[in-house]
Amino acid sequence: MATNSVPVTPAHDTTVDLLVIGSGTGMAAALTAHELGLSTLIVEKTEYVGGSTARSGGAFWVPANPVLRKAGSGDTLDRAGTYIRSVVGESAPAERGAAFLDHGSATVEMLQRTTPMRLFWAKGYSDYHPELPGGSAVGRTCECRPFDVSVLGPERERLRPGLMKAGLPMPVTGADYKWMNLMARKPSKAFPRIFRRLAQGVAGLALKREYVAGGQALAAGLFAGVVRAGIPVWTETTLVRLLTEGDRVTGAVVACNGQEVTVTARRGVVLAAGGFDHDMALRHKYQSERLGEHESLGAEGNTGDGIRAALDVGAATDLMDQAWWFPAVAAMKGRPPMVMLAERALPGSFIVDHTGRRFVNEATDYMSFGQLVLDRERAGDPVESMWIVFDQRYRNSYIFGGGLFPRQPIPEAWIRAGIAHRADDPAALARAAGLPEGAFTETFRRFNDAAAAGTDADFRRGASAYDRYYGDPTVEPNPNLRPLTDGPLYAVKMTLSDLGTCGGVKADERARVLREDGSVVDGLYAIGNTAANAFGNTYPGAGATIGQGLVYGYIAAQDAAKSSVPANG
């Protein structure tokens with residue numbers, strides 16, 4: 001049961017034009033439908049609105065959109081199309097990527113009309129594969145500016161909390177974080193941003209405003225639009241099954257407080273309930289038996305409900321082995337995994353596996369990192385453990401795990417739990433972490449030699465513009481490489497977490513759910529992580545998961561509005 005002060009809207013038998021299951025990017029579908037004159041209802045399984053969107057970094061990747069054009073990015077649909085085709089290849093239908101591009105600008109324009117969000121271009125946040133044809137080193141990623149959640153009024157209590165709770169009232173965007181992370185290295189860049197955001201947060205509180213950033217800002221902005229439009233949101237309401245008449249989906253049975261009610265949907269049902277992040281049986285079946293219990297960073301309600309309901313009415317699935325993989329600091333008792341965003345790219349560090357050897361370009365995008373780990377497992381050469389190794393200068397220079405500030409010591413609790421070790425030399429560090437001493441000391445020496453020269457011949461770390469985005473520009477000639485020279489040395493255990501699964505229901509370029517034979521399940525749509533990734537087994541750029549959720553929410557609602565209402569509707 002909810003502990004907030006806002007009463008849950010009683011679920012009851014009702015009829016609407018469009019039923020949306022899930023309150024993350026599903027809110028984009030609801031806002032589009034409402035603007036088109038359709039009566040709309042959002043059903044949310046948990047007590048909070050916002051889904052994994054509210055727990056994310058909040059970036060969205062939508063090429064050549066109006067925000068980019070206004071900021072002078074120079075991006076074009078032709079160039080973006082070339083990039084998507086070169087990244088995705090044959091791993092997803094080309095029509096899915098084309099429809100995403102065709103409707104991206106209209107989606108962003110809709111958000112600007114229907115919500116109070118102010119959006120900006122995170123200039124310089126490179127595409128994840130900028131070296132491929134059509135790729136962009138300046139990036140196509142956008143964010144929401146810090147957002148005042150007090151505009152939600154009493155609904156504020158229903159907004160899903162973020163992944164990390166800030167100790168200060170300081171709304172930090174992703175674009176801010178890049179420089180705040182370098183506060184000890186580039187204070188002239190970092191501290192003006194820190195002071196500006198801190199002033200905004202403190203002054204906001206004095207004016208009874210509460211500013212948030214990242215995924216909290218994006219989810220709150222969408223929710224504010226939903227509240228303003230008067231679209232009802234039933235929280236703590238679970239999808240039980242879809243209803244059909246013949247081959248058409250006509251609504252759903254949902255449950256609230258142990259009572260089942262029927263929602264008839266004249267125009268269709270949009271499944272936007274996230275992936276199967278926390279269904280460990282499915283994850284072990286389709287992905288890896290080595291995945292840790294509930295180590296996903298996705299919202300806890302993401303247990304595959306929408307996918308199972310779609311399967312029950314004949315839907316096909318695809319890409320069930322895929323997730324938005326995200327390496328993280330290993331969990332320990334009482335604390336879940338901790339996000340590692342810039343840490344892997346920063347100089348003065350490297351990552352080894354259980355053999356004591358490097359195995360990856362540490363600075364690569366997080367999905368590619370995870371895919372490499374799982375590829376090794378499938379090849380019979382599993383990564384049994386991962387450790388990020390760094391020196392004291394690294395610890396003095398950068399934020400770590402989203403919560404340890406420069407010079408802040410590694411918590412003794414981590415060392416007692418065995419997820420962190422400290423030593424004065426490489427051999428002693430290897431013994432402490434249980435790594436082969438000879439292999440590790442040779443890796444240490446080889447890495448230091450390469451870092452001193454500024455060239456990583458083994459894994460080409462720093463060769464991509466994406467690598468360099470989170471590097472340290474004060475380190476030359478390669479902002480991602482520096483020898484480890486200043487003791488003591490540290491090793492911190494890592495785990496393979498994720499931002500959510502991205503395999504699911506097979507959908508077409510109109511977001512319509514498909515059967516195995518390619519026919520359409522009439523009246524049923526799937527978006528976000530309930531649908532198989534529109535980009536196949538790839539991640540084009542920061543915010544591609546939210547970007548496609550928003551755009552396909554818009555596409556689904558547009559298609560539903562054009563559909564014919566059944567004669568008995």
Side-chain angles (χ1 to χ4, degrees), residues 177-191 194 327-330 332 335 338-353 356-358 362-363 385-435 437 439-454 456 461-462 467 470-494:
Y177 180 83
K178 169 184 166 63
W179 293 109
M180 290 183 182
N181 186 51
L182 297 171
M183 64 176 71
R185 305 290 295 163
K186 291 283 286 185
S188 62
K189 279 274 194 178
F191 281 101
I194 293 172
V329 177
M332 53 184 281
R335 178 184 63 66
M338 297 176 70
V339 172
M340 293 180 68
L341 187 57
E343 290 86 342
R344 296 178 293 111
L346 289 164
S349 70
F350 60 87
I351 294 173
V352 298
D353 63 11
R357 297 180 174 88
R358 292 177 70 210
E362 295 89 347
S385 66
M386 297 184 289
W387 298 86
I388 183 167
V389 178
F390 50 88
D391 64 2
Q392 187 63 47
R393 179 175 164 190
Y394 175 100
R395 183 75 289 275
N396 291 347
S397 301
Y398 314 115
I399 296 172
F400 188 83
L404 296 182
F405 286 89
R407 296 187 180 277
Q408 190 175 348
I410 297 292
E412 287 298 322
W414 294 18
I415 294 174
R416 289 195 301 271
I419 68 163
H421 300 282
R422 180 175 52 225
D424 291 328
D425 60 74
L429 188 64
R431 291 192 296 271
L435 298 171
E437 185 176 327
F440 180 78
T441 54
E442 172 57 22
T443 296
F444 194 96
R445 182 200 63 76
R446 182 175 176 84
F447 178 84
N448 273 5
D449 287 349
D456 177 14
R461 177 169 162 181
D467 294 4
Y470 278 123
D472 183 342
T474 70
V475 174
E476 295 179 337
N478 187 326
N480 301 108
L481 294 176
R482 175 183 61 75
L484 282 66
T485 56
D486 303 335
L489 303 172
Y490 301 89
V492 174
K493 193 172 187 178
M494 297 169 58

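Side chains are part of it too, since the values below use all heavy atoms of this structure and drop only hydrogens, waters and symmetry mates.
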Peer 1: Say you draw a straight line from CZ of Arg482 to OG of Ser349; how long is it, rounded to the nearest 0.5 Å?
Peer 2: 8.5 Å
Peer 1: Go through the side-chain N and O atoms of Glu343 and Tyr470 and say whether any donor and acceptor fall under 3.5 Å apart.
Peer 2: no
Peer 1: Please report the closest heavy-atom contact between Met340 and Ala328, naming both atoms and the distance.
Peer 2: SD-C, 3.6 Å
Peer 1: How about Glu362 and Ile388: do any of their side-chain heavy atoms sit closer than 4.5 Å?
Peer 2: no
Peer 1: Would you say NZ of Lys178 has more than 12 non-hydrogen atoms from neighbouring residues, nucleotides or ligands within 6.0 angstrom?
Peer 2: yes
Peer 1: Give the intermediate values and the outcome of side chain to side chain contact (heavy atoms under 4.5 Å, CB included) for residues Leu404 and Arg395.
Peer 2: CA-CA 9 Å; Leu404 296 182; Arg395 183 75 289 275; 4.0 Å; yes
Peer 1: Where is the tightest heavy-atom contact between Met332 and Ala413, given as atom of each residue plus distance?
Peer 2: CE-O, 3.6 Å
Peer 1: Taking all heavy atoms of Arg422 and all of Pro488, pick out the closest pair and write down the distance.
Peer 2: CG-CB, 4.0 Å
Peer 1: To the nearest 0.5 Å, what is the distance between CG (Leu429) and OH (Tyr490)?
Peer 2: 10.5 Å
Peer 1: For Asp456 versus Ala450, what's the shortest heavy-atom pair and its separation?
Peer 2: CA-CB, 4.5 Å
Peer 1: Working to the nearest 0.5 Å, report the span between CG of Leu182 and CG of Leu346.
Peer 2: 6.5 Å
Peer 1: Decide side chain to side chain contact (heavy atoms under 4.5 Å, CB included) for Val492 and Trp387; before the verdict, give the C-alpha distance in whole Å, the side-chain angles of both, and the deciding distance to 0.1 Å.
Peer 2: CA-CA 5 Å; Val492 174; Trp387 298 86; 5.6 Å; no
Peer 1: Write down the atom of Ser385, the atom of Lys493, and the distance for their closest heavy-atom approach.
Peer 2: CB-CE, 4.4 Å
Peer 1: Can Arg357 and Val352 be said to form a side chain to side chain contact (heavy atoms under 4.5 Å, CB included), step by step?
Peer 2: CA-CA 5 Å; Arg357 297 180 174 88; Val352 298; 5.7 Å; no
Peer 1: Just verifying a value: how many Å separate Arg393 CZ and Thr485 OG1, rounded to the nearest 0.5 Å?
Peer 2: 6.0 Å
Peer 1: Would you sort out whether Arg185 and Val475 count as a side chain to side chain contact (heavy atoms under 4.5 Å, CB included), showing the intermediate values?
Peer 2: CA-CA 9 Å; Arg185 305 290 295 163; Val475 174; 3.8 Å; yes
Peer 1: For a quick test of reading the model, state the closest non-hydrogen atom pair linking Pro477 to Ala453 and the distance between them.
Peer 2: CG-O, 4.2 Å
Peer 1: Side chains of Phe350 and Arg446: does their closest heavy-atom pair fall under 4.5 Å?
Peer 2: no
Peer 1: Does Asp449 pair with Arg445 as a salt bridge, N-O distance under 4.0 Å?
Peer 2: yes
Peer 1: Nearest 0.5 angstrom please: Glu437 CD to Leu435 CG, how far?
Peer 2: 10.5 Å
Peer 1: Do any N or O atoms from the side chain of Asn181 and from the backbone of Ile399 form a donor-acceptor pair under 3.5 angstrom?
Peer 2: yes
Peer 1: Examine Phe400 together with Phe390 and report whether their ring centres are nearer than 6.0 Å.
Peer 2: yes
Peer 1: Quick one, Phe447 and Val389 - any side-chain contact, counting heavy atoms below 4.5 Å?
Peer 2: no
Peer 1: Sort out for me which residue in Ile351, Asp467, Asn480 forms a side-chain contact (heavy atoms from CB on, under 4.5 Å) with Arg344.
Peer 2: Ile351
Peer 1: Return the OH to CG distance between Tyr394 and Leu484, rounded to the nearest 0.5 Å.
Peer 2: 10.0 Å
Peer 1: Would Arg335 and Trp414 count as a cation-pi pair here, with the cationic atom under 6.0 angstrom from the ring centre and within 45° of the axis?
Peer 2: yes
